[in-house]
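The structure appears right after this line, and notes come after that.
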Amino acid sequence: QVQLVESGGGLVQAGGSLRLSCAASGRTFSGYTAAWFRQAPGKEREFVAAIIWTGASTYYADSVKGRFTISRDNAKNTVYLQMNSLKPEDTAVYYCAGAYGSRWARRSSEYTHWGQGTQVTVSS
């Protein structure tokens, strides 16, 4: 069992940047695939990015590829999402998720551990 807590959200203007952090506690997060999802009002939760536990492979939604970067520091038990060139369409609650093992999935139902979310608002 692991607990996840997101931080780093806020209000930024279009074109700005934010870095989200997902801190794991309770036990090591090293063996987990980590992912970021987001959910905007009136929309389903959508996949943003994922990284396997070794950090060797990363995956991105087409909508964020080239702008967002997911990374992790297993020594710090933390995963990050660097978000650059933010657009109003990126406005959502961002959630950190984890699933034990090296496989990843775009479906939120495949993840067993979730943070409470952090709000990202991008003004036009």
Side-chain angles (χ1 to χ4, degrees):
Q1 185 66 41
V2 62
Q3 295 80 43
L4 306 176
V5 179
E6 304 95 336
S7 63
L11 174 64
V12 299
Q13 294 184 345
S17 298
L18 285 173
R19 189 175 80 155
L20 306 183
S21 298
C22 174
S25 63
R27 63 189 299 174
T28 180
F29 202 45
S30 296
Y32 289 75
T33 293
W36 289 95
F37 288 79
R38 66 187 183 186
Q39 188 165 23
K43 297 183 179 180
E44 293 187 346
R45 191 171 299 183
E46 67 172 342
F47 171 81
V48 176
I51 184 168
I52 64 172
W53 74 273
T54 64
S57 298
T58 57
Y59 308 89
Y60 299 93
D62 289 342
S63 60
V64 306
K65 192 172 185 178
R67 299 188 298 121
F68 292 8
T69 302
I70 188 171
S71 62
R72 69 192 300 165
D73 186 340
N74 287 335
K76 295 182 178 180
N77 229 21
T78 302
V79 62
Y80 305 95
L81 184 68
Q82 178 67 46
M83 305 185 295
N84 298 326
S85 301
L86 283 162
K87 305 174 181 179
E89 306 92 90
D90 297 318
T91 295
V93 176
Y94 283 70
Y95 297 90
C96 181
Y100 189 77
S102 59
R103 298 189 67 179
W104 71 281
R106 287 185 170 88
R107 293 189 298 171
S108 61
S109 61
E110 298 296 325
Y111 293 85
T112 57
H113 296 78
W114 292 85
Q116 295 300 305
T118 185
Q119 177 71 48
V120 173
T121 303
V122 184
S123 62
S124 60

Requested in this report: Say whether, by atom type as modelled, one donor and one acceptor occur between the side chain of Glu6 and the main chain of Gly117 under 3.5 angstrom.
Outcome: yes
Query - Nearest heavy atoms of Tyr60 and Phe68, plus distance in Å - result: CE2-O, 3.2 Å
Requested in this report: Decide whether Leu20 and Phe47 are clustered together by the hydrophobic rule: side chain heavy atoms of Ile, Leu, Val, Met, Phe, Trp, Tyr closer than 4.5 Å, transitively.
Outcome: no
Query - Val2 versus Ala24, closest heavy-atom pair with distance - result: CG2-CB, 3.6 Å
**Report entry** Shortest non-hydrogen separation from Leu86 to Leu18 and the atoms involved
**Finding:** CD1-N, 3.9 Å
Query raised in the report: Side chain of Asp73, backbone of Thr78: donor and acceptor closer than 3.5 Å?
Result: no
Query raised in the report: Do Val93 and Tyr80 belong to the same hydrophobic cluster, where Ile, Leu, Val, Met, Phe, Trp and Tyr are linked whenever their side-chain heavy atoms lie under 4.5 Å apart, directly or via other members?
Result: no
Report task. Without swapping roles, check the side chain of Arg72 against the backbone of Phe29 for a donor-acceptor pair under 3.5 Å. Result -> yes
Requested in this report: Check the pair Tyr111 / Phe37 against ring pair (Phe, Tyr, Trp, His ring centres under 6.0 Å), numbers first and verdict last.
Outcome: CA-CA 11 Å; Tyr111 293 85; Phe37 288 79; 5.3 Å; yes
Requested in this report: Spell out, as yes or no, whether a donor-acceptor pair under 3.5 Å connects the side chain of Arg67 to the backbone of Ser85.
Outcome: yes
Query - Rounded distance [0.5 Å steps], CG in Leu4 versus CD in Gln116 - result: 9.5 Å
Query raised in the report: Which distance, rounded to the nearest 0.5 Å, do you find between the CD of Glu46 and the OG of Ser63?
Result: 5.0 Å
Query raised in the report: For atom CD of Gln119, is the number of surrounding heavy atoms from other residues, nucleotides or ligands below 6.0 Å larger than 12?
Result: yes
Requested in this report: Ignoring hydrogens and angles, tell me if any N or O in the side chain of Ser30 forms a donor-acceptor pair with the backbone of Thr28 under 3.5 Å.
Outcome: no
Query raised in the report: Trp114 versus Cys96: any side-chain heavy-atom pair under 4.5 Å?
Result: no
Query raised in the report: What residue among Thr118, Asp90, Thr91 forms side-chain hydrogen bond (donor to acceptor under 3.5 Å, both in side chains) with Arg38?
Result: Asp90
Query raised in the report: Heavy atoms, side chains only, cut-off 4.5 Å: are Val79 and Trp36 in contact?
Result: yes
Query raised in the report: Between Gly101 and Thr33, which heavy-atom pair has the shortest distance, and what is it?
Result: O-OG1, 2.7 Å
Requested in this report: May I have the step-by-step check of side-chain contact (heavy atoms from CB on, under 4.5 Å) for Tyr59 and Ile52, ending in yes or no?
Outcome: CA-CA 9 Å; Tyr59 308 89; Ile52 64 172; 4.3 Å; yes
Report task. Could you tell me whether the side chain of Thr112 and the main chain of Ala99 form a donor-acceptor pair under 3.5 Å? Result -> no
Query raised in the report: If you measure from OG on Ser124 to NZ on Lys87, what distance do you get to the nearest 0.5 Å?
Result: 14.0 Å
Query raised in the report: Is a donor on one side and an acceptor on the other found under 3.5 Å between the side chain of Asn74 and the backbone of Trp53?
Result: yes
Requested in this report: Find out if a path of hydrophobic residues (ILVMFWY) with successive side-chain heavy-atom gaps under 4.5 Å connects Val64 to Met83.
Outcome: yes
